[in-house]
Amino acid sequence: MLSLESLVSSPTFISTLTHNKFSFSSQSLHFKPIKVTTTTRTNRTRVRCEYRGGIRVPFGQNFEMVGVNSMVVKPPSHPTYDLTGVIRLALAEDAADRGDVTSLATIPADMEVEAYFLAKEDGVLAGTALAEMIFHEVDPSLKVEWSHKDGDHVHKGLQLGKVSGRAHGIVVAERVVLNFMQRMSGIATLTKAMAQAASPAVILETRKTAPGLRLVDKWAVLIGGGKNHRLGLFDMVMIKDNHVSIAGGVTNALKSVDSYLQQNNLQMEVEVETRTMEEVKEVLGYASENKTHLTRIMLDNMVVPQPDGDVDVSMLEEAVEIISGRFETEASGNVTLDTVHKIGQTEVTYISSGVLTHSVKALDISLKIDTKLALEVGRRTNRA
């Protein structure tokens with residue numbers, strides 16, 4: 001007989017389980033659980049799936065899978081990142097050891113309500129799957145429903161979804177949920193605009209993310225239509241200017257990397273940062289004479305700002321032409337929403353921009369129980 005654990009780990013997931021009767025959905029899981037635990041009370045079974053990176057996704061009432069139906073784009077795979085731990089830390093810094101004293105004083109323990117998500121400005125929605133994880137960390141009985149999914153364009157005044165159940169849990173989770181959703185939606189909104197303007201080049205973020213929120217920020221970039229650069233120091237060799245300076249030049253740095261990877265039997269992408277045409281030519285010279293793991297050349301600050309606000313991309317174009325497709329290329333430096341289109345027309349492969357995550361403007365989203373009054377106030381302040 002097929003076990004529940006093996007069934008949950010299979011390419012299909014259960015949508016309903018009552019009185020031990022299974023109903024299957026044709027929708028596939030986005031990634032396989034590494035741990036599945038079950039608890040049974042009366043005639044209902046609850047399942048919690050744990051994924052790599054510490055993501056724990058419970059099955060909710062009637063076996064509705066929390067966090068997967070809305071997970072249009074899955075988070076990046078990270079070997080040590082504990083997303084559940086990040087959620088718990090965010091909740092703990094808000095409630096500390098005493099809890100929400102205002103809610104404890106004003107909300108009856110058994111009161112149930114419905115609260116609605118409202119967009120207060122135009123943008124790209126992100127963070128719905130993470131919001132579900134937070135609500136269910138606070139109170140697994142809360143039910144979350146969405147009328148829009150991650151990656152959708154939303155406009156000011158639009159109702160995005162709702163959460164229903166015990167009022168206390170909703171209010172406790174509210175700010176943490178909104179903080180994540182607003183940040184992720186802001187990143188996704190800018191990423192979408194940059195990605196569209198950069199085409200045919202692909203837009204990348206950098207490691208300039210909020211401490212502790214690396215995976216969350218990079219997840220938002222994916223939702224916005226960008227692509228992830230390396231997740232950290234562990235998953236790609238990236239020879240930057242300081243490495244070059246310490247090694248005594250580009251050639252020495254490349255030799256050391258190739259030797260290290262060969263000695264340790266490692267296969268991974270290698271990128272080297274170049275700042276001048278001379279360094280580009282030195283890299284190409286080394287690659288033509290040696291077997292190398294090099295896959296990409298970064299062309300740093302070869303986009304030159306002009307007094308009139310425009311940019312000169314002639315140096316970047318020359319570098320891309322010299323490389324001539326032998327390696328992937330990445331433009332970096334002076335990348336903004338105003339300049340990215342011109343940079344993208346140089347035939348560079350990638351354009352990386354730290355602004356996607358280090359200077360994010362949050363998208364204004366609220367969670368309201370009295371939506372009529374909220375919309376009235378929002379219109380009065382031009383935010384609905």
Side-chain angles (χ1 to χ4, degrees), residues 67 70-76 81 83 86-87 89-90 93-94 116-135 144 146-161 163 173-198 202-229 231 335-341 351-368 374 378 381-384:
S70 59
M71 201 177 288
V72 178
V73 178
K74 67 180 180 181
Y81 193 93
L83 185 54
V86 171
I87 291 171
L89 180 63
E93 73 178 359
D94 219 13
Y116 295 84
F117 288 94
L118 299 173
K120 300 174 81 171
E121 59 183 322
D122 299 348
V124 175
L125 179 63
T128 59
L130 183 55
E132 291 185 39
M133 295 177 197
I134 297 166
F135 279 122
V144 187
W146 301 102
S147 55
H148 293 77
K149 63 184 183 297
D150 282 349
D152 281 355
H153 283 276
V154 297
H155 59 79
K156 184 168 65 174
L158 185 67
Q159 185 175 298
L160 311 173
V163 56
E174 173 190 358
R175 178 42 52 197
V176 174
V177 165
L178 290 176
N179 283 350
F180 278 114
M181 286 186 66
Q182 289 176 323
R183 180 177 178 84
M184 290 183 71
S185 296
I187 292 171
T189 298
L190 181 56
T191 301
K192 177 67 73 175
M194 295 271 277
Q196 290 175 341
V202 176
I203 198 75
L204 308 172
E205 86 294 83
T206 68
R207 286 168 49 241
K208 298 174 183 178
T209 54
L213 297 182
R214 175 72 54 82
L215 185 140
V216 173
D217 284 359
K218 285 180 174 282
W219 189 1
V221 167
L222 293 179
I223 292 170
K227 185 176 178 180
N228 290 150
H229 209 304
L231 288 176
V335 179
T336 68
L337 188 55
D338 293 328
T339 65
V340 72
H341 176 72
I351 303 173
S352 58
S353 176
V355 73
L356 294 177
T357 54
H358 72 53
S359 302
V360 58
K361 176 185 178 299
L363 189 74
D364 200 356
I365 300 171
S366 63
L367 182 64
K368 298 296 181 183
T381 56
N382 197 31
R383 296 168 70 196

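Fair warning: this is a prediction, and the values are worked out from it, not measured in the lab.
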Mind checking whether [X] and [Y] have side chains closer than 4.5 Å, heavy atoms only?
X      : Y      : value
Val335 : Val355 : no
Val154 : Phe117 : no
Leu215 : Leu231 : no

* For Arg214, which residues count as a salt bridge (Lys or Arg N to Asp or Glu O under 4.0 Å) partner, sequence neighbours excluded? ->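 With sequence neighbours excluded, Arg214 shows a salt bridge (Lys or Arg N to Asp or Glu O under 4.0 Å) to no residue whatsoever.
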
* **All salt bridge (Lys or Arg N to Asp or Glu O under 4.0 Å) counterparts of Lys227, not counting sequence neighbours** =>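 For Lys227 there are no salt bridge (Lys or Arg N to Asp or Glu O under 4.0 Å) partners, ignoring immediate neighbours.
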
* Applying side-chain contact (heavy atoms from CB on, under 4.5 Å), name anything that partners Ala90, two or more places apart in sequence or on another chain. =>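 If we apply the side-chain contact (heavy atoms from CB on, under 4.5 Å) test to Ala90, skipping adjacent residues, the hits are Val176, Phe180.
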
* **Qualifying residues under ring pair (Phe, Tyr, Trp, His ring centres under 6.0 Å), relative to Phe135, sequence neighbours excluded** =>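 Checked Phe135 against ring pair (Phe, Tyr, Trp, His ring centres under 6.0 Å); zero matches.
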
* To do: For Met194 and Ile351, run side chain to side chain contact (heavy atoms under 4.5 Å, CB included): C-alpha distance rounded to whole Å, both residues' side-chain angles, the deciding distance at 0.1 Å, then the answer.
  => CA-CA 10 Å; Met194 295 271 277; Ile351 303 173; over 6 Å; no

Output the distance between atom [atom1] ([X]) and atom [atom2] ([Y]), rounded to the nearest 0.5 Å.
X      : Y      : atom1 : atom2 : value
Thr128 : Asp150 : OG1   : CG    : 3.0 Å
Asp364 : Gln182 : CG    : CD    : 5.5 Å
Asp122 : Leu363 : CG    : CG    : 8.5 Å
Ile223 : Leu130 : CD1   : CG    : 9.0 Å
Leu125 : Met181 : CG    : CE    : 5.0 Å
Leu222 : Thr191 : CG    : OG1   : 9.0 Å

* **Identified side-chain hydrogen bond (donor to acceptor under 3.5 Å, both in side chains) partner of Glu121 from the options Lys156, Lys361, His155** =>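 Of the listed options, the one satisfying the test is Lys361.
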
Would you name the heavy atoms of [X] and [Y] that are closest together and state the gap between them?
X      : Y      : result
Lys208 : Thr357 : O-OG1, 2.6 Å
Met184 : Ala220 : O-CB, 3.4 Å
Gly161 : Ser147 : N-OG, 3.9 Å
Leu356 : Ile203 : CD1-CG1, 4.1 Å

* To do: Could you go through the side chain to side chain contact (heavy atoms under 4.5 Å, CB included) check for Ser353 and Val340 one step at a time?
  => CA-CA 9 Å; Ser353 176; Val340 72; over 6 Å; no

* Pairing of Arg183 and Asp217 as salt bridge, 4.0 angstrom limit ->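 Yes, this pair counts.
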
* Step by step, work out the side chain to side chain contact (heavy atoms under 4.5 Å, CB included) result for Leu178 and Leu367. => CA-CA 8 Å; Leu178 290 176; Leu367 182 64; 4.2 Å; yes

* To do: Check the pair Trp146 / Glu132 against side chain to side chain contact (heavy atoms under 4.5 Å, CB included), numbers first and verdict last.
  => CA-CA 10 Å; Trp146 301 102; Glu132 291 185 39; 2.9 Å; yes

* Examine distances only and state if a side-chain atom of Ser352 and a backbone atom of Glu205 form a donor-acceptor pair shorter than 3.5 Å. =>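 It does not hold such a pair.
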
* Exam field: side chain Trp219 to backbone Gly127, donor-acceptor pair closer than 3.5 Å ->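 Checked: no pair found.
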
* His358 atom NE2, over 12 foreign heavy atoms within 6.0 Å ->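 More than 12 heavy atoms, drawn from other residues, nucleotides or ligands, come within 6.0 Å of this atom.
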
* **Set of residues satisfying side chain to side chain donor-acceptor pair (under 3.5 Å) with respect to Asp338, sequence neighbours excluded** =>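 For Asp338, no residue satisfies side chain to side chain donor-acceptor pair (under 3.5 Å) once neighbours in sequence are set aside.
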
* Asked: Of all residues at least two apart in sequence or in a different chain, which pass the side chain to side chain donor-acceptor pair (under 3.5 Å) check with Thr206?
  ->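 By the side chain to side chain donor-acceptor pair (under 3.5 Å) rule, Thr206 matches no residue at all.
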
